[in-house]
Amino acid sequence: MQVLQSFAIRAGYAVILLIAVLVLNFSMMHLAPGDVADTISQSMGGADQELLDQIRADYGLDKPFIVQLGRYIGGVLQFDLGFSFFYNQPVTDLILQRLPATLLLVVTAQLLALFIGVIMGVVSARKPNGILSHFVTFLALFGYAAPVFWTGILLLIAFSLKIQLFPVAGMQDVTIEGGFWVHFLDVARHMVLPVITLGSLFLALYSRLARATMMETLGSDFVRTAKAKGLSPNQVVYKHALKNSLSPVITLAGLQFSAVISGAVLVEAVFSWPGLGTLAFQSIIARDTPTILGILFFSALVVIVGNLLTDLALRLVDPRVGGKG
Amino acid sequence: MALLSVKNLRVEIKTRAGVAPVIDDLSFDLEAGESLSFVGESGCGKSMTALALMGLLPEGVGSIAAGSITFDGEELTTASEARLREIRGNDISMIFQEPMTSLNPLFNIGEQIAEVLRAHQNLSRKAAWSQAIELLDAVRIPNAKARVNDYPFQMSGGQRQRVMIAIALACQPKILIADEPTTALDVTVQAQIFDLLQDMQRQTGSSIILITHDMGAVAEMAERMIVMYAGRKAELGPVEDVIAHPRHPYTAGLISCVPHILSTLTEEREELVEVPGIVPALQDFGKDTCLFASRCLQAQAQCLRARPPEIEFGPEHQSACWRAEEL
């Protein structure tokens with residue numbers, strides 16, 4: 001019950017934070033020179049002052065800043081993020097079309113990086129001087145040093161062009177026909193390279209942290225107790241030590257959620273993945289302010305939800321976090 | 001035949017300066033149901049002895065270099081890791097100095113007790129759980145049925161040590177090794193824990209190896225004691241004999257460190273005497289001298305020439321001191 005209550009409080013804070021993000025985004029966009037009217041007139045091949053004023057009046061851009069802000073927030077509260085003249089669609093629809101692709105990419109990369117990273121960390125912590133342990137150190141260095149887009153392009157050249165193993169771009173093959181599993185496999189094949197690209201950086205982070213915390217945990221008193229009980233080495237490591245090493249990794253994963261999203265912009269650009277990242281890239285080039293604002297809002301939403309989930313995961317792992325005491 | 005027989009045990013650990021014997025030529029017997037106490041300062045090899053008996057010497061650092069450990073007729077130094085796991089927690093179990101950190105913070109105490117029962121007694125989850133509640137009751141945790149779901153952070157230090165005792169005694173081991181079980185606890189709680197250990201020993205008939213530097217605890221708990229110094233056995237004998245007439249200057253020094261509360265300042269109470277100096281550095285442990293000589297007020301030239309042999313006084317009392325007979 002108490003857990004639920006404190007979770008509700010956190011959710012309340014999240015809403016306040018979201019509104020703050022909204023105000024900040026909108027204000028910053030407003031500070032930038034030029035507005036929607038300029039962009040529209042540009043796409044029309046120029047317009048005179050009269051037409052500009054007309055457009056500004058139509059879009060409510062002649063109203064004072066505070067009124068515009070109020071209208072925007074009012075709209076967002078009703079899930080209306082404005083209208084994109086560039087795509088000629090409501091921004092909310094636009095984003096909801098693209099969001100699943102990004103979430104699929106980001107969540108898969110994040111979960112795989114977490115899972116594989118933890119396993120690698122544990123195995124290498126058990127043999128600190130083994131080959132895998134050195135590999136983890138190398139991988140971490142590589143992951144930190146290599147820019148995501150560079151890794152992506154190299155992978156593309158190697159596995160799509162030289163060895164034609166995976167598709168070059170996109171999320172699915174439109175010519176393909178068949179049932180659910182055919183499409184599932186098709187999307188999976190398209191996902192391999194982007195997921196590896198996006199996941200490698202985080203795999204490096206998580207495996208290194210998991211290795212370090214695991215080594216520390218293996219030296220702790222309760223691990224000695226577990227051994228003194230006569231438990232098998234696997235029970236000692238995967239039951240007693242692993243659970244105690246998870247908290248730092250989960251915390252880091254939660255913090256990295258925002259980085260995964262920003263990483264997705266680059267990866268999506270490299271692999272032409274039809275997600276939010278590509279949309280963000282295109283709308284910035286097109287100066288499509290409502291879409292940019294909408295994407296920023298959704299990114300904030302995803303990060304905040306990610307943090308809430310992290311919090312929940314920590315509570316599940318560690319009874320000392322919040323709750324009884 | 002003794003339940004546990006240790007002969008000429010030598011445990012070495014690797015240091016940067018080379019290999020050092022942290023236990024050097026240690027021999028002793030432990031009878032069934034007996035309480036034996038190891039006494040000495042920190043760094044004298046008491047805990048290493050316990051870890052060696054459990055087969056839990058730090059991997060890659062410490063190892064048994066020579067000697068034998070025979071438990072119930074079975075040689076442990078050459079036993080397989082799988083066999084040692086069967087013995088650990090089942091026939092020989094151990095409680096540690098730090099109840100605060102010796103329990104896993106992320107599992108409730110019921111699971112931590114039940115786990116050892118499942119591992120060794122082939123109990124079902126349910127049976128192990130209900131026996132865990134009985135064990136909590138036996139170590140006098142009030143309201144055991146409710147507290148079995150508690151996590152270690154919800155318990156006091158004394159309660160956690162009781163849980164550790166419950167874990168150690170769950171499988172009714174033949175030997176219980178208690179490595180400074182009360183050092184981290186309040187004095188009043190210490191007495192309760194010792195009471196509990198004695199009661200449990202009476203009920204289960206286990207032998208107890210008590211490792212401590214508390215002479216008071218030794219006098220109360222143990223029948224025989226071994227005084228360790230720098231990895232070597234300095235003195236061994238029945239507790240009363242050793243305390244009444246120590247045959248080793250180090251033992252005498254340890255005894256004189258204990259204050260007597262009841263004696264008044266003016267009459268019986270002698271000034272507290274400390275043992276001057278510190279335990280020698282690890283790299284000096286293997287030397288063929290008396291390692292205590294540098295701190296000993298009675299040291300002679302001979303003490304620095306050769307390691308003293310273990311001299312017998314009566315059937316049970318031994319001392320490794322060149323001047324033991326004069327003391």
Side-chain angles (χ1 to χ4, degrees), chain A residues 1-3 118 122-131 133 210 213-251 311-325, chain B residues 47 50-51 53-61 81-109 111-121 149-154 160 163-164 167-168 170-171 173 176-177 179 184:
Chain A
M1 212 52 239
Q2 213 169 355
V3 177
V118 166
V122 170
V123 174
S124 66
R126 290 175 83 173
K127 286 206 174 91
N129 290 316
I131 294 173
S133 190
T213 48
M214 194 67 192
M215 281 174 75
E216 195 187 315
T217 312
L218 284 177
S220 59
D221 288 347
F222 59 82
V223 166
R224 186 184 55 187
T225 305
K227 285 182 190 160
K229 283 175 173 177
L231 303 180
S232 72
N234 281 339
Q235 264 181 310
V236 172
V237 171
Y238 289 101
K239 181 175 176 187
H240 284 272
L242 180 58
K243 200 172 178 192
N244 277 279
S245 307
L246 280 182
S247 294
V249 182
I250 292 175
T251 309
D311 205 57
L312 199 65
L314 282 178
R315 273 162 207 276
L316 288 180
V317 168
D318 193 339
R320 290 168 298 183
V321 177
K324 336 176 203 178
Chain B
S47 295
L51 292 178
L53 293 179
M54 295 288 286
L56 285 177
L57 288 168
E59 252 172 84
V61 181
E81 180 55 31
R83 175 67 190 132
L84 284 179
R85 273 206 302 279
E86 284 173 15
I87 293 173
R88 265 181 230 142
N90 192 26
D91 295 318
I92 306 179
S93 58
M94 187 161 175
I95 55 181
F96 298 96
Q97 182 173 354
E98 283 294 337
M100 293 304 182
T101 53
S102 291
L103 290 167
N104 192 325
L106 304 187
F107 291 95
N108 61 38
I109 55 172
E111 167 60 19
Q112 298 193 50
I113 301 172
E115 176 181 57
V116 71
L117 290 164
R118 293 201 306 268
H120 296 296
Q121 315 263 307
N149 288 306
D150 276 5
Y151 288 88
F153 76 96
Q154 292 163 308
R160 290 185 211 189
V163 172
M164 283 299 291
I167 291 171
C171 300
L176 172 68
I177 303 173
D179 187 0

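Below, all heavy atoms of this structure are taken into account, side chains as well, without hydrogens, waters or symmetry copies. Reminder, nothing fancy here: chain letters follow the sequence lines and each chain counts from 1.
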Novice: Could you tell me which of B/His120, B/Met94, B/Glu98, B/Met54 has the largest number of non-hydrogen atom pairs under 4.5 Å with chain A?
Specialist: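 Most heavy-atom pairs within the cutoff with chain A belong to B/His120.
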Novice: List the atom of B/Pro152, the atom of B/Arg160, and the distance in Å for their closest heavy-atom pair.
Specialist: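 Taking B/Pro152 first and B/Arg160 second, the nearest heavy atoms are O-NE, 3.1 Å.
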Novice: Between B/Ile95 and B/Ala168, which heavy-atom pair has the shortest distance, and what is it?
Specialist: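 Closest approach of B/Ile95 to B/Ala168, heavy atoms only: CG2-CB, 3.5 Å.
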Novice: Any side-chain donor-acceptor pair under 3.5 Å between A/His240 and B/Glu115?
Specialist: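 B/Glu115 and A/His240 do have a side-chain donor-acceptor pair below 3.5 Å.
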Novice: Can you tell me which of A/Leu231, A/Val317, A/Val223 forms the most heavy-atom pairs within a distance under 4.5 Å of chain B?
Specialist: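 Most heavy-atom pairs under 4.5 Å with chain B: A/Leu231.
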Novice: Please report the closest heavy-atom contact between A/Arg224 and B/Leu56, naming both atoms and the distance.
Specialist: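 Nearest heavy atoms, A/Arg224 then B/Leu56: O-CD1, 4.4 Å.
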Novice: Sort by residue number and list every residue of residues 100-108 of chain B having at least one heavy atom under 4.5 Å from chain A.
Specialist: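 Counting heavy atoms that sit under 4.5 Å from chain A, the residues of residues 100-108 of chain B involved are B/Thr101, B/Ser102, B/Leu103, B/Asn104, B/Pro105, B/Leu106, B/Phe107.
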Novice: With a sphere of 6.0 Å drawn around CD of A/Glu216, does it hold more than 12 non-hydrogen atoms of other residues, nucleotides or ligands?
Specialist: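 For A/Glu216, atom CD is not crowded (no more than 12 foreign heavy atoms under 6.0 Å).
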Novice: How about A/Val122 and A/Leu242: do any of their side-chain heavy atoms sit closer than 4.5 Å?
Specialist: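 Sidechains of A/Leu242 and A/Val122: in contact.
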Novice: Under a 4.5 Å cutoff for heavy-atom pairs, which residue among A/Ser247, A/Gly230, A/Ala241, A/Gly219 has the most contacts with chain B?
Specialist: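 Option with the greatest count: A/Gly230.
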Novice: Let's test your reading of the structure: which of B/Gln112, B/Gln97, B/Glu59 forms the most heavy-atom pairs below 4.5 Å with chain A?
Specialist: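 Highest number of heavy-atom pairs under 4.5 Å: B/Gln112.
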Novice: Is B/Arg85 reaching over with its side chain to a backbone N or O of A/Pro233, donor-acceptor style, under 3.5 angstrom?
Specialist: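 Looks like no, no N/O pair under 3.5 Å.
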Novice: Which region of B/Glu81, side chain (C-beta onward) or backbone (N, CA, C, O), has a non-hydrogen atom less than 4.5 Å from a non-hydrogen atom of chain A, or is it both or neither?
Specialist: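 No part of B/Glu81 comes within 4.5 Å of chain A.
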Novice: Can you tell which part of A/Ser232 gets under 4.5 Å to a heavy atom of chain B, answering side chain, backbone, both or neither?
Specialist: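 Looking at A/Ser232, backbone and side chain both touch chain B.
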Novice: So, do B/Met164 and B/Phe96 sit near enough that their side-chain heavy atoms are less than 4.5 Å apart?
Specialist: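 The answer is yes; the side chains approach within 4.5 Å.
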Novice: Is the closest side-chain heavy-atom distance between A/Ser133 and A/Arg126 below 4.5 Å?
Specialist: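 Side-chain contact under 4.5 Å: no.
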